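Throughout, a chain's letter reflects where its sequence line sits, starting with A, and its residues are numbered from 1. All values derive from a computational prediction rather than experimental measurement.
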Amino acid sequence: MRRWWLIGLSVLALVLFPAPARAETGGEDIDIAGIIFDHIGDGYEWHITDWGDRRIAIPLPVIVHSSTGWHVFSSERLSHGGTYEGLKIATEDPHEGKIVEVATGQRPFDISITKNVLSLMMSGALLLLIVLLTARWYRRHDVLREAPTGIAALMEPLILMIHDMARENIGEADYRKYSPYLCMAFLFILLNNFMGIIPFFPGGANLTGNIAVTLVLALCTFFTVNLFGTKHYYKDIFAPDVPGFLKPIMPVIEVFSALMKPVSLTIRLFANMLAGHIMILCMVCIIFVMAKYGPLLLGSMSVVSVLFGVFLDALECLVAFIQAYVFTMLSSIYIGLSRMQGD
Amino acid sequence: MNLITPDSGLLFWMVIIFGLVFFLLAKFGFPVITSMVEKRNRTIEQSLSDAREIETRMAGMVREQERMLEEAKKEQSAILKEAAAMKARIVAEAEVKAREEAGKILSEARAQIAAEKESALRDVRKEVALLSVSVAEKILRRDLSEESAQKEYVDRLVDEAARLEVKS
């Protein structure tokens with residue numbers, strides 16, 4: 001009862017004082033797709049916010065190897081369509097938003113520290129810090145006399161969960177060899193998923209929603225599976241025990257399925273995280289879209305979009321964990337299959 | 001769409017950073033943690049199995065104790081029985097001995113009595129013989145003064161002697 005009253009009051013406030021909201025959007029159409037792609041995409045600078053007319057962004061180093069050699073400079077020089085050392089940021093396809101050579105329009109070899117790379121470095125450092133601090137706790141304390149406290153108490157259940165999953169899926173014989181990789185993949189994905197949900201500076205870089213990142217993770221699993229497969233695993237692929245007429249078909253199917261596994265891992269994680277981000281951004285954007293339809297609609301839709309935004313954020317927290325878990329579990333199952341011994 | 005084309009720069013950095021972090025953590029991070037936790041788990045399992053073993057051993061000890069108690073009771077009753085039997089035997093032996101002793105004493109007494117009697121009889125006989133001799137003297141002194149009487153007496157003696165002869 002009281003809640004509805006509060007909501008009604010806030011709607012009334014928006015109806016009575018619509019002026020500031022109107023003034024900012026100025027009645028013009030806003031570029032929703034632009035906003036969304038700016039948030040989920042990569043960039044040569046880390047755009048934090050706009051303060052009035054001032055754009056607040058962290059310029060990041062550009063490192064490219066073009067036809068004229070190596071170039072290292074701040075991305076500030078390329079902002080607002082600037083050109084520097086024969087390079088510029090393309091404004092139209094096929095390389096929109098990427099650095100191209102002014103003369104040829106070709107992409108140089110580009111290993112710039114972009115927004116995603118910086119975020120990757122920060123989360124890598126954070127992960128390193130967290131796990132090494134946990135390891136330090138275990139080095140410094142007698143594990144037989146003390147229950148874990150602080151960061152060890154936080155990390156132990158997560159690491160143990162993956163460690164036990166590795167034992168279950170890979171088998172007692174050699175799960176210890178693979179457990180660190182699975183723990184690493186799980187914690188890396190989990191950390192970056194959560195960092196992606198945080199909407200302001202240290203987070204907010206849609207890293208696990210980027211196909212390059214998930215592709216590398218999936219390829220790690222792919223190589224782990226296929227480089228250390230047992231004889232039995234390869235026999236199942238190339239000479240399975242099937243009726244004669246299936247013999248020529250099965251290897252094709254099996255090889256295809258082995259190649260599709262990393263693809264499915266890549267797409268699953270990437271698409272889930274990307275979709276989550278887009279949904280939340282859409283919910284937030286509703287408020288700005290509604291500005292031009294008058295105060296009543298704006299006020300009521302703001303309430304709706306905030307409620308849905310909260311709901312989607314909560315859902316994203318769940319998805320962040322589930323996707324990390326699913327990726328790790330599937331990886332461990334694939335590894336387990338490749339470590340199968342002949343019966 | 002650049003959303004689904006992996007960017008080479010990010011791929012490059014991802015491989016380097018993920019590889020580096022993984023290398024460091026796989027060397028100094030996760031194995032330390034998991035080995036410690038496994039050590040703890042092993043200790044807990046060991047303690048649990050130890051506790052179970054102690055429990056079974058305790059149960060065995062209780063059984064052993066009961067068995068020993070039972071045995072002691074049995075032994076006690078056996079000892080008591082034996083003691084009772086020994087008592088009975090000792091009493092019986094004492095009785096037999098007492099009876100023997102009594103018999104011996106009685107027979108000794110009897111022999112003594114007999115000897116006493118014999119000697120008494122002998123004394124009496126001696127006395128009687130002396131008496132009879134003195135009586136016979138007196139009678140003889142009186143009766144055998146006459147011839148006829150002497151003759152009669154001799155005859156009678158001869159008769160008697162003859163009768164004794166015939167009889168024997």
Next item on the list: With a 4.5 Å cut-off on heavy-atom pairs, point out which of A:I40, A:D42, A:I113, A:L133 contacts chain B the most.
Entry: A:I113

Check: Given that the side chain runs from C-beta out, which part of A:R176 has a heavy atom under 4.5 Å from chain B: side chain, backbone, both or neither?
Finding: side chain

Next item on the list: Measure A:N116 against the heavy atoms of chain B and call it side chain, backbone, both or neither at under 4.5 Å.
Entry: both

Margin query: At a 4.5 Å cut-off on heavy atoms, which part of A:L215 comes close to chain B: side chain, backbone, both, or neither?
Written below: side chain

Notebook entry, point to check: So what's closer than 4.5 Å to chain B heavy atoms on A:I267: side chain, backbone, both or neither?
Noted result: neither

Next item on the list: Taking all non-hydrogen atoms of both residues into account, name the closest pair between B:T34 and A:S179 and its distance.
Entry: CG2-OG, 4.4 Å

Checklist line | Step-by-step side-chain contact (heavy atoms from CB on, under 4.5 Å) determination, B:I33 to A:M155 | finding: CA-CA 9 Å; B:I33 298 168; A:M155 296 310 290; 5.8 Å; no

Notebook entry, point to check: Of the backbone (N, CA, C, O) and the side chain (C-beta and beyond), which part of A:F270 lies under 4.5 Å from a heavy atom of chain B, both, or neither?
Noted result: side chain

Next item on the list: For chain B, find which of A:D110, A:V117, A:L187 contributes the most heavy-atom pairs closer than 4.5 angstrom.
Entry: A:V117

Check: Rounded to the nearest 0.5 Å, how far apart are NE2 of A:H163 and CD of B:E38?
Finding: 3.5 Å

Next item on the list: Measure A:S112 against the heavy atoms of chain B and call it side chain, backbone, both or neither at under 4.5 Å.
Entry: backbone

Note to self: If the condition is ring-ring contact (aromatic ring centres under 6.0 Å, His included), which residues does A:F109 pass it with, not counting sequence neighbours?
What the structure shows: none

Item checked: Which atoms of A:L219 approach chain B - backbone, side chain, both or neither, heavy atom under 4.5 Å -> neither

Item checked: chain B contact via A:L120 - side chain, backbone, both or neither, heavy atoms under 4.5 Å -> both

Note to self: Between A:V216 and B:F12, is there a side-chain heavy-atom distance shorter than 4.5 Å?
What the structure shows: no

Checklist line | Selection from A:L160, A:I159, A:L274 maximising heavy-atom pairs under 4.5 Å formed with chain B | finding: A:I159

Check: Does a side-chain heavy-atom distance below 4.5 Å link A:I211 with B:T5?
Finding: no

Checklist line | Student check: side-chain heavy atoms of B:D7 and A:K98 closer than 4.5 Å | finding: yes

Checklist line | Contact leader toward chain B among A:G124, A:C183, A:P148, where contacts are heavy-atom pairs under 4.5 Å | finding: A:C183

Margin query: Quick test of your reading of the model: are A:D142 and B:K39 salt-bridged, counting only N-O distances below 4.0 Å?
Written below: no

Checklist line | Per-residue contacts, residues 14-29 of chain B versus chain A, heavy atoms under 4.5 Å | finding: B:M14, B:V15, B:I17, B:F18, B:V21, B:F22, B:L24, B:L25, B:A26, B:F28, B:G29

Check: If contact means a heavy atom pair closer than 4.5 Å, which residues of residues 69-106 of chain B contact chain A?
Finding: none

Next item on the list: Taking B:W13 for its side chain and A:I111 for its backbone only, find out whether a donor-acceptor pair lies under 3.5 Å.
Entry: yes

Notebook entry, point to check: Do any of residues 41-63 of chain B have a heavy atom less than 4.5 Å from a heavy atom of chain A, and if so, which, in residue order?
Noted result: B:T43

Notebook entry, point to check: Taking NZ, NE, NH1 and NH2 as the nitrogens, is one of them in A:E146 or B:R40 under 4.0 Å from a carboxylate oxygen of the other?
Noted result: no

Check: Can you tell which of A:L144, A:T134, A:N210 has the highest number of heavy-atom pairs within less than 4.5 Å of chain B?
Finding: A:L144

